[in-house]
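Throughout, protein chains are lettered first and strands after them, A, B, ... in sequence-line order, and every chain is numbered starting at 1.
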Number of protein chains: 2
Amino acid sequence: MGIAERREKEKIELRALILSAAKKLFVIKGIEHTTIRNIAEAIDYSVGTVYVYFKDKNAIFHALHSQGFNELGQQLALLMAVENPMERVKALGRVYINFAKANADMYSLMFSQPAPIDYLEEEHADEWKEGVLAFNVLKGTLAQCIEQGYFKGHTLEPLTYLFWSAVHGMCALYISERAKGVNLTDPDTIVERGYEEFLKMIGE
Amino acid sequence: MGIAERREKEKIELRALILSAAKKLFVIKGIEHTTIRNIAEAIDYSVGTVYVYFKDKNAIFHALHSQGFNELGQQLALLMAVENPMERVKALGRVYINFAKANADMYSLMFSQPAPIDYLEEEHADEWKEGVLAFNVLKGTLAQCIEQGYFKGHTLEPLTYLFWSAVHGMCALYISERAKGVNLTDPDTIVERGYEEFLKMIGE
DNA sequence: TTTGCCCTCTGAACCTTGTTCATTAAATTT
DNA sequence: AAATTTAATGAACAAGGTTCAGAGGGCAAA
């Protein structure tokens, strides 16, 4: 059955084409200002076709969202090879920051863009699983650090939350460009420099 | 000239009425899902009237945005009464967190909602001044801490950025409900507990 | 009191955008 | 060749943002 397979492949390709066009437009114009017609035009298909492949605009956002988490998750997973847990946490932060800066658009899609109403409800739990996974990787690593005698007097869960929040906060402010308004000496490297301060605090 | 004054007062009041209705709706339904018609109905005026008082939907967002920063700014300003700079930074964080949690809607309006396109441009510099002010208050306080011998080996600017980011990050994740998905023991107090961890790190 | 001006408020109408669905057209199967 | 299945189309609808010509009411001058 080669024909059915070819058709299947074509469908997958068109779906991917729609996603990549949507992503590009979301980045340039923002999600709100990207219309389905924009996307359709960009790939020379009709509006209706987009709806053949995605239930609605939400579903497109949704797909990109998952895609982003998978990418980040993969990058973080690589770090499990680092033996020393303390080195690993430090690296986790760096990788996270690099990802956020290199995929600013994707990052704000993942964390800053308010999730469209309906999708927070139903299967939300399922969708967010990649995020939970990342959180647990961090938590596990910090637990190992504590076992090894680091972070004396700290409590695991809130510590994990703090760690994630600090890194996320720096990335979010950087990406939203709020950082620029504040007149920093070198806005472009502020995240890295901020992170160094954090490591300094942690540093035994 | 009592008549002109009364008219002026009425205008100011109607403007405020529109704003309060808009805020209420933004909170309940989200900005995107609040329509000008919703706002008009809520205050028993016609759609057109809203446009008499505000150029467009953006302008409403804009006005609320400024309002939020003023409120937060005022609360933070009160803390300048605290003599000890180390106590003051700690308090700044607490007040900030309280504000964010008590005005979750407003807070996400201020920081998470992507600023509508056009307004990032032109007079943006002017608008963000309240934010800059808050940042500088924190920076000044931290500078005093350093003078008094705290934060040895740290650099002022990135330290300030880190501090703000950590607190902001925790608030943002909390408000966006991402925190809930992660299955924390007690999601409601996670921000406070995370902040305690941060203070522990800072604490000499 | 009457006249005319000035404001505020009105809501029908227009445009854009998300979404649907009956129809077309092409490919595959019989 | 005919029938069937499937993908793609785009006109049409609903809903929301925005505009604007005009209604209506108060106020001052006549």
*asked:* Closest approach to the side chain of A/Asp56, judged atom by atom: which nucleotide of C/dT19, C/dC9, D/dT18 is it?
replied: C/dT19
*Side chain of B/Tyr45: nearest nucleotide among C/dT10, D/dT9, C/dT17?*
C/dT10
*asked:* Can a donor-acceptor pair be found, under 3.5 Å and without considering hydrogens, that links the side chain of A/Asn98 to the backbone of A/Val95?
replied: no
_Assuming nearest nucleotide by heavy-atom distance, tell me which of B/Arg7 and B/Thr35 is located more 5' along DNA chain D._
B/Thr35
*asked:* Need to verify one output field. Residue with the more 5' nearest nucleotide on DNA chain D, B/Ile36 or A/Leu14?
replied: A/Leu14
*Assess whether atom CD of B/Glu83 is packed by more than 12 heavy atoms of other residues, nucleotides or ligands within 6.0 Å.*
no
Rounded to whole angstrom units, what separation is found between the [atom1] atom of [X] and the [atom2] atom of [N]?
X       : N      : atom1 : atom2 : result
A/Glu10 : C/dA26 : CD    : P     : 15 Å
A/Leu17 : D/dA8  : CG    : C1'   : 14 Å
B/His33 : C/dG18 : NE2   : C1'   : 11 Å
B/Lys57 : C/dT16 : NZ    : P     : 18 Å
B/Arg15 : C/dT8  : CZ    : P     : 14 Å
A/Ile39 : D/dT9  : CD1   : C1'   : 17 Å
B/Arg37 : C/dT10 : CZ    : P     : 15 Å
B/Glu32 : C/dT17 : CD    : P     : 14 Å

*B/Lys11 vs A/Gly48, nearer the 5' end of DNA chain C by closest nucleotide*: B/Lys11
Between [N] and [X], is there an OP1 or OP2 to side-chain N/O distance shorter than 4.0 Å?
X       : N      : value
A/Tyr51 : C/dC21 : no
A/Arg6  : C/dT28 : yes
B/Thr49 : C/dC9  : no

*Across the strands shown, which category fits B/Phe54 at heavy-atom distances under 4.0 angstrom: base, sugar-phosphate, nothing?*
nothing
*Will you find, in the side chains of A/Tyr96 and A/Tyr107, an N or O donor that is under 3.5 Å from an N or O acceptor?*
yes
*Please determine, by modelled atom types, if B/Tyr53 and B/Tyr45 share a side-chain donor-acceptor pair under 3.5 angstrom.*
no
_Aromatic plane relationship, A/Phe163 with A/Tyr195 - under 30° parallel, 30 to 60° tilted, over 60° perpendicular_ = perpendicular
